[in-house]
Trainee: 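Let me give you the structure first, and then I'll get to my questions.
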Amino acid sequence: MKRILVTGGAGFIGSHLCERLLREGHEVLCLDNYFTGSKKNITHLLENPYFELIRHDVTTPYFVEVDEIYNLACPASPIHYQYNPIKTVKTSVMGAINMLGLAKRIRSKVLQASTSEVYGDPSVHPQPESYWGNVNPIGVRSCYDEGKRCAETLFTDYHQQNQVRIKIVRIFNTYGPNMHPNDGRVVSNFIVQALQNQEITIYGDGSQTRSFQYVDDLLEGMIRMMQTGDNITGPVNIGNPVEFTILELAEKIISMTGSRSKISFLPLPQDDPVQRQPDISLAKKILDGWSPVVELEAGLEKTIAYFNHLLNS
Ligand code: NAD
Ligand code: UDP
């Protein structure tokens, strides 16, 4: 049994991670400031004596004795990370410094939830870890993209300078139950709109692509990464390489929900990446043959059922 700290544990991915780690027999400390997360995502865990909830902001230091730290605290959806961009940078950068400082002091492992956004609007396709990216340093997405890039730098430097046991995973678009209905990301938006027979809002002409990963596949990859030896630090891409256009996603969701929604085309936000697909060769190699197993339709079915229940309750 390990004692594990999950920052951002009340968010979409964090809540699934807390649940899975508890199921595996670990003690879990969930730290969150509830900016985009919700206690509702973890209320069912509160009665578990091995689960502890901490209201805290990662931009200030926090001290605790744990074996592992998963650093997930950071708003992930463009509308939320752009709401207070300075705070987003602080969360990524100061949050990384605080969690790395803690890991250094207690000699624990620390895993950073990085992102495919470090590749920006990529000119290399699919994206391998060796690609340095194409990121606008002063655009509307920069607070998130550059914050996450700087966090990767800090992780690498703490490892090289202080031998901190780091792991960096670059997460590609992930979806599933527990996403916030007003989160603003494409999968949750389209499902909520389709279930309410409202217009499906495609930004641009819908020809931009994304590769969607179901949350369970991500958890498997992240946990395997945490278990690798100290010589393996990443970064490693964790995503599902099957690529869809946003228009294809909209049509799939309309058909799966039997919705009467019509599609409306709205302006494309600034710096919206045109294409995104992970090269997962490295993950397969270092994570014991890991590869995503949940197909889009199966994952969407579970996510649609979740939102259906949420909207009806
Ligand atoms: P989310 O917004 O649902 O979860 C983030 C959590 O962090 C929330 O519970 C929020 O309240 C908390 N948080 C934010 N700022 C904080 C702060 N200063 N102190 C403490 N807690 C804070 O998003 P998510 O999709 O679950 O993403 C989790 C992590 O994974 C993020 O770091 C995100 O950048 C990364 N990621 C997610 C995706 C994806 O597709 N979901 C893709 C790439 C990377
Ligand atoms: N998108 C869209 N309609 C929406 C929400 C998003 O067309 O209601 C588009 C968005 O412009 C982007 C893609 O879907 O091209 C994925 O957006 P999301 O915010 O989910 O993730 P990210 O852009 O960070 O990959």
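Indexing begins at 1, ligand by ligand and atom by atom, following the structure's order.
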Trainee: Considering only heavy atoms, does S77 approach ligand 1 within less than 4.0 Å through its side chain, its backbone, both, or neither?
Mentor: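 Under 4.0 Å from ligand 1, S77 contributes no heavy atoms.
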Trainee: Look only at interatomic distance and state if K87 has a nitrogen or oxygen under 3.5 Å from any nitrogen or oxygen of ligand 1.
Mentor: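 Between K87 and ligand 1 (N or O atoms, distance only) the closest approach is not under 3.5 Å.
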Trainee: Have a look at ligand 1 and work out which part of Y144, if any, has a heavy atom under 4.0 Å from it: side chain, backbone, both or neither.
Mentor: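 The part of Y144 near ligand 1 is the side chain, not the backbone.
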Trainee: Does D57 pair with K87 as a salt bridge, N-O distance under 4.0 Å?
Mentor: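 Between K87 and D57 there is a salt bridge, with a charged N closer than 4.0 Å to a carboxylate O.
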Trainee: Tell me which protein heavy atom sits closest to atom 23 (O) of ligand 2, plus the residue, atom name and distance to 0.1 Å.
Mentor: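 Protein heavy atom with the smallest distance to atom 23 (O) of ligand 2: R141 NH2, 3.0 Å.
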Trainee: What closest approach, in Å, do S211 and R276 show between heavy atoms, and which atom pair accounts for it?
Mentor: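 Reported closest heavy-atom pair: OG-O, 2.8 Å.
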Trainee: Touching ligand 2 at all, P78? Heavy atoms, strictly under 4.0 Å?
Mentor: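 Contact present.
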Trainee: What protein heavy atom sits nearest atom 13 (C) of ligand 2, and how far off is it?
Mentor: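 Among all protein heavy atoms, the one nearest atom 13 (C) of ligand 2 is I246 CD1, 3.7 Å.
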Trainee: When you look for heavy atoms under 4.0 Å from ligand 1, do you find them on the side chain of T91, its backbone, both, or neither?
Mentor: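 It is the side chain that gets close, since no backbone atom is under 4.0 Å.
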Trainee: T88 side chain to N84 main-chain N or O, any donor-acceptor pair under 3.5 Å?
Mentor: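 Present.
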Trainee: With a 4.0 Å heavy-atom cut-off (strictly under), which part of R185 contacts ligand 2: side chain, backbone, both or neither?
Mentor: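 Both backbone and side chain of R185 come within 4.0 Å of ligand 2.
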Trainee: Quick one: does any side-chain atom of S188 pair with a main-chain N or O of D183 as donor and acceptor, under 3.5 Å?
Mentor: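 Side chain of S188 to backbone of D183, a donor-acceptor pair under 3.5 Å: no, none is there.
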Trainee: Ignoring angles and geometry beyond distance, decide whether S114 reaches within less than 3.5 Å of ligand 1 through its nitrogen or oxygen atoms.
Mentor: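 In this structure, S114 places no N or O atom under 3.5 Å from an N or O of ligand 1.
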Trainee: Considering only the protein, which heavy-atom contact is closest to atom 10 (C) of ligand 2, and what is its distance?
Mentor: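 Minimum-distance protein heavy atom for atom 10 (C) of ligand 2 reads D272 OD2, 3.4 Å.
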Trainee: Please determine whether side-chain hydrogen bond (donor to acceptor under 3.5 Å, both in side chains) holds for the pair D121 and N134, giving the CA-CA distance in whole Å, both sets of side-chain angles, and the decisive distance to 0.1 Å.
Mentor: CA-CA 6 Å; D121 189 4; N134 175 32; 5.0 Å; no
Trainee: Tell me whether G11 has any N or O atom under 3.5 angstrom from an N or O of ligand 1.
Mentor: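 G11 vs ligand 1: N/O contact under 3.5 Å present.
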Trainee: Using a 4.0 Å heavy-atom cut-off, which part of T201 comes near ligand 2: side chain, backbone, both, or neither?
Mentor: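 Near ligand 2, T201 shows its backbone as well as its side chain.
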Trainee: Please state which option from N98, N33, I171, T88 has its nearest heavy atom closest to atom 43 (C) of ligand 1.
Mentor: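 The option holding the nearest heavy atom is I171.
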Trainee: Against heavy atoms of N173, which atoms of ligand 1 measure under 4.0 Å?
Mentor: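 Counting from 1, the qualifying ligand atoms are 40 (O).
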Trainee: Determine yes or no for a side-chain-to-main-chain donor-acceptor pair under 3.5 angstrom, with R210 supplying the side chain and P273 the backbone.
Mentor: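 Yes, R210 side chain to P273 backbone: donor-acceptor pair under 3.5 Å.
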Trainee: Do any N/O atoms on T174 end up under 3.5 angstrom from N/O atoms on ligand 1?
Mentor: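 Indeed, backbone or side chain, T174 has an N or O that close.
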Trainee: Tell me if the CZ atom of F265 is crowded by more than 12 foreign heavy atoms within 6.0 Å.
Mentor: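 Buried by this count: over 12 neighbours within 6.0 Å.
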Trainee: Is any N or O atom of P269, backbone or side chain, closer than 3.5 Å to an N or O atom of ligand 2?
Mentor: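 No: no nitrogen or oxygen of P269 is under 3.5 Å from one in ligand 2.
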Trainee: Show, in sequence, the C-alpha distance, side-chain angles and deciding distance for H16 and F12, and conclude whether the ring pair (Phe, Tyr, Trp, His ring centres under 6.0 Å) test is met.
Mentor: CA-CA 7 Å; H16 286 277; F12 155 51; 5.8 Å; yes
Trainee: Are R149 and E117 ion-paired here, with the side-chain N under 4.0 Å from a carboxylate O?
Mentor: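 Salt bridge: no.
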Trainee: For atom 8 (O) of ligand 2, which protein heavy atom lies nearest, and how many Å away is it?
Mentor: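 Checking every protein heavy atom, the shortest distance to atom 8 (O) of ligand 2 gives N189 ND2, 2.8 Å.
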Trainee: Do F12 and ligand 1 have an N or O pair less than 3.5 Å apart?
Mentor: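 Between F12 and ligand 1 (N or O atoms, distance only) the closest approach is under 3.5 Å.
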Trainee: Assess P273 for proximity to ligand 2: is some non-hydrogen atom of it under 4.0 Å away?
Mentor: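 P273: no contact with ligand 2 (<4.0 Å).
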Trainee: For ligand 1, does K90 get within less than 4.0 Å through its side chain, its backbone, both, or neither, judged by non-hydrogen atoms?
Mentor: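 K90 to ligand 1: no contact under 4.0 Å from either part.
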Trainee: H56 heavy atoms, cut-off 4.0 Å: which ligand 1 atoms fall inside?
Mentor: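 Answer, ordered by atom number: 19 (N), 20 (C).
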Trainee: What atoms of ligand 1 come closer than 4.0 angstrom to any heavy atom of Y34?
Mentor: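 Listed by number with element: 11 (O).
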Trainee: Looking only at distance, does V58 have an N or O less than 3.5 Å from an N or O of ligand 1?
Mentor: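 Yes, V58 has an N/O under 3.5 Å of an N/O on ligand 1.
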Trainee: Quick check on contacts: which atoms of ligand 1 are under 4.0 angstrom from a heavy atom of A73?
Mentor: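 Per the distance check, 7 (O), 20 (C), 21 (N), 22 (C).
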Trainee: What class does the angle between the rings of Y175 and Y214 fall in, given that below 30° is parallel, 30 to 60° is tilted and above 60° is perpendicular?
Mentor: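 Aromatic pair Y175/Y214 classed perpendicular.
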Trainee: Quick check: does any side chain N or O of W290 sit under 3.5 Å from a backbone N or O of I238, one acting as donor and the other as acceptor?
Mentor: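 Flag not set: sc W290 to bb I238 has no pair under 3.5 Å.
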Trainee: Would you say T36 and ligand 1 have an N/O pair spaced under 3.5 Å apart?
Mentor: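 There is such a contact, yes.
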Trainee: Is V186 touching ligand 2 with its side chain, its backbone, both, or neither, if touching means heavy atoms under 4.0 Å apart?
Mentor: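 Both backbone and side chain.
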Trainee: Measure from the side-chain N and O atoms of D279 to the backbone N and O of P126, and report whether any donor-acceptor pair falls under 3.5 Å.
Mentor: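 Checking the backbone N and O of P126 against the side chain of D279, no donor-acceptor pair under 3.5 Å is found.
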Trainee: Can you find an N or O of Q193 that's nearer than 3.5 Å to an N or O of ligand 2?
Mentor: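 Q193 vs ligand 2: no N/O contact under 3.5 Å.
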Trainee: List every atom of ligand 1 that sits less than 4.0 Å from any heavy atom of G37, numbering the atoms from 1 in the order shown and giving each element.
Mentor: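 Taking each heavy atom of G37 in turn, ligand 1 has 8 (C), 9 (O), 10 (C), 11 (O) under 4.0 Å.
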Trainee: Measure the distance from atom 25 (O) of ligand 2 to every protein heavy atom, then report the residue, atom name and distance (to 0.1 Å) of the closest one.
Mentor: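 For atom 25 (O) of ligand 2, the nearest protein heavy atom comes out as R276 NH1, 2.6 Å.
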Trainee: Any nitrogen or oxygen of D57, main chain or side chain, under 3.5 Å from a nitrogen or oxygen of ligand 1?
Mentor: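 There is such a contact, yes.
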Trainee: Could you check atom 9 (C) of ligand 2 against the protein and tell me its nearest heavy-atom contact, residue, atom and distance included?
Mentor: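 Of the protein heavy atoms, Q208 NE2, 3.9 Å lies nearest.
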Trainee: Any idea how H180 and H80 line up, ring-wise: parallel (<30°), tilted (30 to 60°), or perpendicular (>60°)?
Mentor: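 H180 vs H80 ring planes: perpendicular.
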Trainee: Heavy-atom pairs closer than 4.0 Å: do any link ligand 2 to the side chain of N173, the backbone, both, or neither?
Mentor: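 Under 4.0 Å from ligand 2, N173 contributes side-chain atoms alone.
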Trainee: Does only the side chain of H180 get under 4.0 Å from ligand 1, or the backbone, or both, or neither? Count heavy atoms.
Mentor: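 The answer is neither; H180 stays 4.0 Å or more away.
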Trainee: Please say whether K148 places an N or O atom under 3.5 Å from an N or O atom belonging to ligand 1.
Mentor: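 Yes.
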Trainee: Taking the side chain from E146 and the backbone from C143, do they hold a donor-acceptor pair closer than 3.5 Å?
Mentor: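 Between the backbone of C143 and the side chain of E146 there is no qualifying donor-acceptor contact (under 3.5 Å).
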Trainee: Ignoring hydrogens, just give me the one of F172, Y144, Y203 whose non-hydrogen atom is nearest atom 7 (O) of ligand 2.
Mentor: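 The residue whose heavy atom sits nearest atom 7 (O) of ligand 2 is Y203.
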Trainee: Which atoms of ligand 1 are found less than 4.0 Å from any heavy atom of G8?
Mentor: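 In order of numbering, the contacting atoms are 6 (C), 7 (O), 9 (O), 12 (C).
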